[in-house]
Amino acid sequence: MLDMNLFREEADLIRADHTKRGIPHDAIERVIELDQSWRNLLHETDQLRREKNEAARGIGAAKKAGDHAAADAILAQVADLGERISAMESQTNEAMETRDRLRMSIPNLLHHDVPQGADESGNTVHAVHGEKPSFSFEPRPHNDLIEMNRWVDLKRAAKISGSRFFFLKGDLARLEFALQQYAVEFLRQREFTFVQPPVMMNRQAYEGVTDLADFETVMYGIEPDKYYMIATSEHPLTAMYMDETIPEEQMPLRMVGVSQCFRREVGSHGQSDLGIWRVHQFTKIEQIIIARPEDSWALHEELLKNCIDLWNSLGIHYEVVNICTGDMGTVAAKKYDLEAWIPAAQQYKEIVSCSNCTDYQANRLNIRYGQPGHPNQPVVHTLNSTAVATSRALVAIMEQYQLEDGRVAVPYALQPYMGGQTVLEPCEWG
RNA sequence: GCAGUCGUCGCAUAGCCUGGUAUUGCGCCGGAUUUGAAAUCCGGUGUCCCCGUGACUCGGGAGUUCAAAUCUCUCCGACUGCGCCA
């Protein structure tokens, strides 16, 4: 959510941003109008309250003095003020709620480096790492490899849960576990603290970290308890400091979170999502930084550097992409994606997303930094980046490390976490 | 899950029974004093707005009332004990 003062004092910045995104300005103007009418209503309400308070102050004094006639006179005078005030109050609250509901739908201000474009075809290549693997045979798509090795059971998962759920079996499950441990240790050595978050959150905290539309299309809601399953550990780890002031000497806070992630994937379909590429439940190792505003752009590059070093160490060939205006979404001010080469499909596909959300989440969550107790503390910036989403990492490894017989070589860096094993063997049953 | 105790400004505390201006200490900020510091003294130290002799604020919400930190209901959270459980 953008700061209200931005609409009041620097609305042209927001207008210019909408122009760059190619979206209409109506919502901005409407927020400004709604704010003005809220402020008018608030002032009127305050005047009525003042009138009532001034009158009511006499009641206690009159009663104490035993002058019941005077007290009754004031009671009569004040009688209907209360009703007028509560009518005004509900109007005032409604005006503010309408303003803020609309304000929450207005996207973050973009960094000037963000390229313009209508959709993902406008993303620009920022860097290329590694080389396309060459095969002396026709490489298989990962959905064939998981079937012939009996590593993934989609059918039985569909039977007991639904489509896009999966059982992960044998050596591929062990490799998944190895990825988790490797990624956490990798980031621990770069001053990130390992944190395991809750996987359910309440609505209020969740509204602080996500686009409102995500409640319909992304998150699972839990009934009858009013919780939401987290779509990524970014959400609990960012909301963690809601309504707090972080001591300045602790900044920046670096965390590496690991959690199961749950996504409805409403509207997703198609051949490109076969196998375990797009699933309802997967594990993700995530980098989170809570920073002072003046440090956040350097730290965004640090997050990207960590991804690059990590994925280079896994020996995966990928591109770094600078996400354009049309593909950006609501919360991030700038976003890099890592897209891994998928040889069977002859495509680069997204495996990592690395964002600086500036103060957009922190405004809504009311996270500040400085010395606790001081007035007017500055708001923090929040940043997040995938380290490894294991389901997609497994796809990239299987596709790029596959052998002619359908087995898959283990990336060198993961071998110590696999008891020295160098090749994934098929599961014996299935 | 049951029972009890509790939730007040950054921290700590008073006020609650008996409704009527939210107390005090620490910390912090500014000023005075000082060569400088400590000590001492004075003032400030939650949020909002049109910045005032303004409004709001006592875990969240609702109710009673002219008036709620205070009374009632409800939800959330903490602690203690019991029960259950990986």
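Bear in mind that the values here come from a model prediction, so they are computed numbers and not experimental data. Letters go in sequence order (proteins before strands), and every chain restarts at 1. Side chains are part of it too, since the values below use all heavy atoms of this structure and drop only hydrogens, waters and symmetry mates.
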- Item | Polar contact flag, side-chain donor to acceptor under 3.5 angstrom, A:Thr382-A:Gln361 |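 Present: a donor and an acceptor within the cut-off.
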- Query: Do A:His25 and A:Thr19 meet the criterion of a side-chain donor-acceptor pair at a distance under 3.5 Å?
  - Reply: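 The criterion, which ignores hydrogens and geometry beyond distance, is satisfied for A:Thr19 and A:His25.
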When you compare [N] with [M], how far apart are their [atom1] atoms, in angstrom units rounded to a whole number?
| N | M | atom1 | answer |
| --- | --- | --- | --- |
| B:rG77 | B:rU65 | C1' | 29 Å |
| B:rC6 | B:rU70 | C1' | 16 Å |
| B:rC11 | B:rG81 | C1' | 29 Å |
| B:rG61 | B:rA68 | P | 14 Å |
| B:rA12 | B:rC58 | C1' | 15 Å |
| B:rA67 | B:rC82 | C1' | 43 Å |
| B:rU21 | B:rA69 | P | 10 Å |
| B:rU24 | B:rA14 | P | 14 Å |

- Readout for nucleotides 49-68 of chain B: B = base within 4.0 Å of protein heavy atom, S = sugar-phosphate only, - = neither; 5' to 3' it is SB--SBSS---------BS-
Atom pairs, protein N/O to nucleotides 84-86 of chain B N/O, distance under 3.5 Å:
none

- Determine whether more than 12 heavy atoms belonging to other residues, nucleotides or ligands lie under 6.0 Å from atom CD of A:Glu191.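 Count not over threshold, so no.
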Protein and nucleotides 6-13 of chain B: nitrogen or oxygen contacts under 3.5 angstrom:
residue : atom : partner  : partner atom : Å
B:rG10  : O4'  : A:Gly373 : N            : 2.9

- Ionic contact status for A:Asp46 with A:Arg50, cut-off 4.0 Å: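 Salt bridge: no.
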- Query: Dot-bracket for RNA chain B, 5' to 3', counting Watson-Crick or G-U wobble pairs under 3.5 Å, with [ ] for crossing pairs and | for inter-strand pairs?
  - Reply: ((((((((.[[[..)....(...]]]((((((.......))))))((((..).)))..[[[[[..)....]]]]])))))))....
Please list, for nucleotides 70-79 of chain B, all pairs of protein and nucleotide N/O atoms separated by less than 3.5 Å.
none

- Residues that A:Asn306 engages under side chain to side chain contact (heavy atoms under 4.5 Å, CB included), provided they are two or more places apart: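 A:Asn306 satisfies side chain to side chain contact (heavy atoms under 4.5 Å, CB included) with A:Leu187, A:Arg190, A:Phe192, A:Gln287, A:Glu302 once adjacent residues are dropped.
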- Query: Which of these passes side-chain contact (heavy atoms from CB on, under 4.5 Å) with A:Tyr318: A:Ile308, A:Asp337, A:Val352?
  - Reply: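 Single pass found, and it is A:Ile308.
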- Task: Round to the nearest Å and state the distance from A:Gln371 atom CD to B:rC29 atom P.
- Result: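 Rounding to the nearest Å, CD of A:Gln371 and P of B:rC29 are 9 Å apart.
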